[in-house]
Colleague: 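Quick one: the structure is below, questions incoming.
A, B, ... follow the sequence lines: proteins, then strands. Residue 1 opens every chain. Atoms considered below: every heavy atom in the structure, side chains included; atoms not considered: hydrogens, waters and symmetry mates.
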There are 2 protein chains.
Amino acid sequence: MAAVSIRDVAQHAGVSVGTVSNVLNRPGEVSAESVRRVQEAIEVLGYVRNDAARKLRAGVSTTVGFVVLDGQNPFFGDVVRGAEDEGSKSGIAILYGNTDEDPKRERMYLDLFEEQQVRGVLISPYGDINPRLERLRSRGIAAVLVDRFSGDGRFSSVSVDSVAGGRMAVEHLIATGRRRIAFVGGPFEMRQVTDRLAGARAAAENAGEHIDLEVVATDALTVADGAAAGARIIARPRSQWPDAIFAANDLLALGLLQSLIVDGRVLVPDDIALIGFDDISFAAAAAVPLSSMRQPSRMIGRTALRILLEETADPELIPRQTVFQPELVVRASTTPRR
Amino acid sequence: MAAVSIRDVAQHAGVSVGTVSNVLNRPGEVSAESVRRVQEAIEVLGYVRNDAARKLRAGVSTTVGFVVLDGQNPFFGDVVRGAEDEGSKSGIAILYGNTDEDPKRERMYLDLFEEQQVRGVLISPYGDINPRLERLRSRGIAAVLVDRFSGDGRFSSVSVDSVAGGRMAVEHLIATGRRRIAFVGGPFEMRQVTDRLAGARAAAENAGEHIDLEVVATDALTVADGAAAGARIIARPRSQWPDAIFAANDLLALGLLQSLIVDGRVLVPDDIALIGFDDISFAAAAAVPLSSMRQPSRMIGRTALRILLEETADPELIPRQTVFQPELVVRASTTPRR
DNA sequence: AAAACTTTATGAATCGATTCAGGCTCGATT
DNA sequence: AATCGAGCCTGAATCGATTCATAAAGTTTT
């Protein structure tokens with residue numbers, strides 16, 4: 001109803017629309033007097049810039065799309081928070097999409113973001129979406145991969161060295177005397193999962209003695225899947241239990257923990273040690289405080305958004321891979337009280 | 001570069017731009033032949049609708065803003081997820097803003113959403129933002145309050161009966177034999193906090209015998225604040241400990257739990273029973289599985305978005321308050337093993 | 001005092017989709 | 001045969017901010 005446009009502001013201030021636009025976008029080029037009168041008019045009329053018109057004409061967007069793999073995972077909550085912080089510095093808002101590891105949803109959100117002509121896209125991809133991202137790029141929409149190394153270097157990425165993390169986790173288990181280790185994780189379409197497993201394998205092979213490394217596959221990285229995997233493991237005869245479990249993320253680990261210690265069937269870490277990945281804030285508060293590989297989640301989000309903005313400012317920039325090192329956080333779940 | 005517009009599609013299909021627009025928006029009014037040719041042209045040229053132009057001319061937006069109080073809290077993650085699910089049915093995307101209980105950020109996001117001319121706003125408000133929301137409404141942007149009852153009925157809301165929840169929680173504590181109860185929560189600007197406390201008070205007063213109900217204030221509803229409050233409590237002489245704690249949400253409760261049981265100083269629930277609010281998915285996996293008041297978080301999000309869309313479709317609708325009942329979930333933190 | 005710049009302001013053209021008054025065809029009705 | 005209406009289609013006008021060629025006013029240089 002109100003519908004105050006730049007024209008109304010111009011009239012009220014007694015200047016042209018061009019001048020109002022200049023006050024809004026390059027106040028330096030306008031006389032102090034004009035700036036004052038325009039600002040007063042904006043105040044009086046309650047003018048709010050119409051972003052659609054602005055975007056249409058100027059082709060600049062103030063939103064960035066973020067496609068997240070698993071919104072239930074506090075890890076991604078932290079990453080989004082980091083991106084949001086960085087974005088709010090420059091008036092960038094985040095269009096949020098949660099795929100829950102579903103390629104259809106992934107595509108849907110990328111389509112949506114393309115129509116919206118977002119400034120760029122942050123994405124923790126599930127499948128292989130390079131072709132989709134190439135297409136976005138050809139329309140001037142940059143993309144930065146989050147929590148996923150861009151192997152072919154076609155896009156910038158911000159991630160943690162999952163292979164190193166997997167290695168460090170299993171080295172820690174071996175160093176604390178474990179020899180029969182189970183890797184719990186899946187699906188194996190997820191690069192994060194295969195990388196962490198690869199690191200685990202490397203650690204097992206370089207141990208200098210024989211290490212059993214078995215793989216227990218899950219359908220997804222959720223608490224429920226972790227609990228199911230745990231139930232499967234302890235259903236075996238006790239002699240075939242692993243003496244340590246490396247879970248591909250903390251949600252799995254927390255689910256595993258729950259199903260292992262229920263009824264006191266299994267002592268953690270005495271019977272089975274347990275380590276997760278991500279170090280979400282609930283890991284420390286778990287039934288048995290959970291050892292984990294910490295990712296600098298908030299920093300990942302901040303950095304990803306910063307790189308995205310840099311790239312949209314200068315499309316000539318060469319994609320760069322930012323890799324943080326994960327950090328081993330040792331808690332009770334891998335350190336038997338003696 | 002590509003920049004395929006509706007004009008290019010029209011040309012390729014040998015029809016006018018009006019017809020292309022009709023195919024896009026009301027295919028029923030166009031001959032089958034035209035529909036076919038236009039769709040083929042769209043396919044061939046890789047046309048993607050320009051949402052900015054559409055929004056400018058038609059005044060309809062495909063985004064909804066969601067201002068969340070605490071993005072770190074998995075409860076809100078679930079609520080957002082519910083809204084997202086409901087939105088994706090009708091091609092609505094969510095612009096996400098996290099205020100972290102900061103009124104400045106709250107205002108910033110509402111400004112941003114106003115510029116964006118979002119279809120509507122879902123908000124779990126911190127302070128009193130009715131004036132801001134009234135203003136948005138006067139510009140045709142509807143708002144629905146989430147996790148907060150709209151006392152004056154000026155806006156629709158979707159929430160859980162926090163007073164009843166507080167009452168049920170404390171009734172449960174009393175029924176299990178507790179008499180010296182501490183309510184831990186804050187800040188008291190948050191309606192959720194004062195409501196839960198009011199419910200707790202009601203339960204204490206109606207107990208039929210004397211119940212001590214003390215209030216331990218916190219700065220925010222976080223794990224860290226919970227841990228700090230716990231430390232303060234057990235720093236007292238043991239005789240002045242409460243025998244039960246009702247925490248205003250699960251994050252506080254998990255923090256409390258951590259600081260209480262560290263070094264085995266306090267037995268939970270034997271020395272102090274503990275109940276939280278929200279029943280986030282990590283409550284069940286806590287060191288001592290946490291009793292809590294469950295909120296139907298995902299349903300809250302779905303419902304809020306549905307109501308918002310209904311209201312934007314028909315602005316004459318009278319605001320309605322949807323209140324779900326919380327559900328007591330009893331776990332080990334309030335049930336002493338005998 | 002004229003020429004050459006600077007600084008500042010103007011307002012029409014533009015971005016791309018939607019809308020709508022008007023036009024064309026063709027069969028049905030009178 | 002004339003009139004009417006249904007069904008489709010057309011294309012100019014429109015939404016509101018930005019941009020840019022042009023101009024006016026003021027300042028410095030020669």
Colleague: Quick one about Ser156(B) and Gln321(B) (side-chain donor to acceptor, distance below 3.5 Å, no hydrogens or angles considered), yes or no?
Modeller: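 Note: Gln321(B) and Ser156(B) side chains miss the donor-acceptor criterion.
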Colleague: Determine whether the side chains of Glu84(B) and Tyr109(A) contain a donor N or O and an acceptor N or O closer than 3.5 Å.
Modeller: yes
Colleague: Give the B/S/- string for nucleotides 14-27 of chain D, one per nucleotide from 5' to 3', where a protein heavy atom under 4.0 Å of the base yields B, of only the sugar-phosphate yields S, and otherwise -.
Modeller: BBBBBB--------
Colleague: Please work out if Ser31(A) contacts a base, only the sugar-phosphate, or nothing of the nucleic acid, heavy-atom cut-off 4.0 Å.
Modeller: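 Answer is sugar-phosphate: Ser31(A) comes under 4.0 Å of backbone atoms only.
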Colleague: Without hydrogens or angle criteria, can the side chains of Ser61(A) and Thr63(A) be said to hold a donor-acceptor pair below 3.5 Å?
Modeller: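 Yes, because at least one side-chain N or O of Ser61(A) sits under 3.5 Å from a partner of the opposite role on Thr63(A).
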Colleague: Side chains of Phe76(A) and Asp147(A): does their closest heavy-atom pair fall under 4.5 Å?
Modeller: yes
Colleague: Is there a side-chain contact between Thr19(A) and the phosphate of dT10(C), meaning an N or O under 4.0 Å from OP1 or OP2?
Modeller: yes
Colleague: When the axes are fitted on five pairs at both termini, how much does the helix from dA1(C)-dT30(D) to dT30(C)-dA1(D) curve, in 10° steps?
Modeller: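 That helix has its two terminal axes inclined by roughly 50°.
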Colleague: Tell me whether Thr303(B) contacts the main-chain N or O of Met299(B) through its side chain, where contact means a donor paired with an acceptor under 3.5 Å.
Modeller: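 Side chain of Thr303(B) to backbone of Met299(B), a donor-acceptor pair under 3.5 Å: yes, one is there.
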Colleague: Say whether Asp51(A) and Gln117(B), considering side chains only, have a donor N or O and an acceptor N or O under 3.5 Å apart.
Modeller: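 There is no such pair (donor and acceptor under 3.5 Å, judged by atom type) between the side chains of Asp51(A) and Gln117(B).
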Colleague: Hey, is Arg320(A) close enough to Glu310(A) for a salt bridge, meaning N to O under 4.0 Å?
Modeller: yes
Colleague: With sequence neighbours excluded, tell me which residues meet salt bridge (charged side-chain N to carboxylate O under 4.0 Å, His left out) with Asp85(B).
Modeller: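 Partners of Asp85(B) under the salt bridge (charged side-chain N to carboxylate O under 4.0 Å, His left out) test: Arg105(A), Arg81(B), Arg298(B), Arg302(B).
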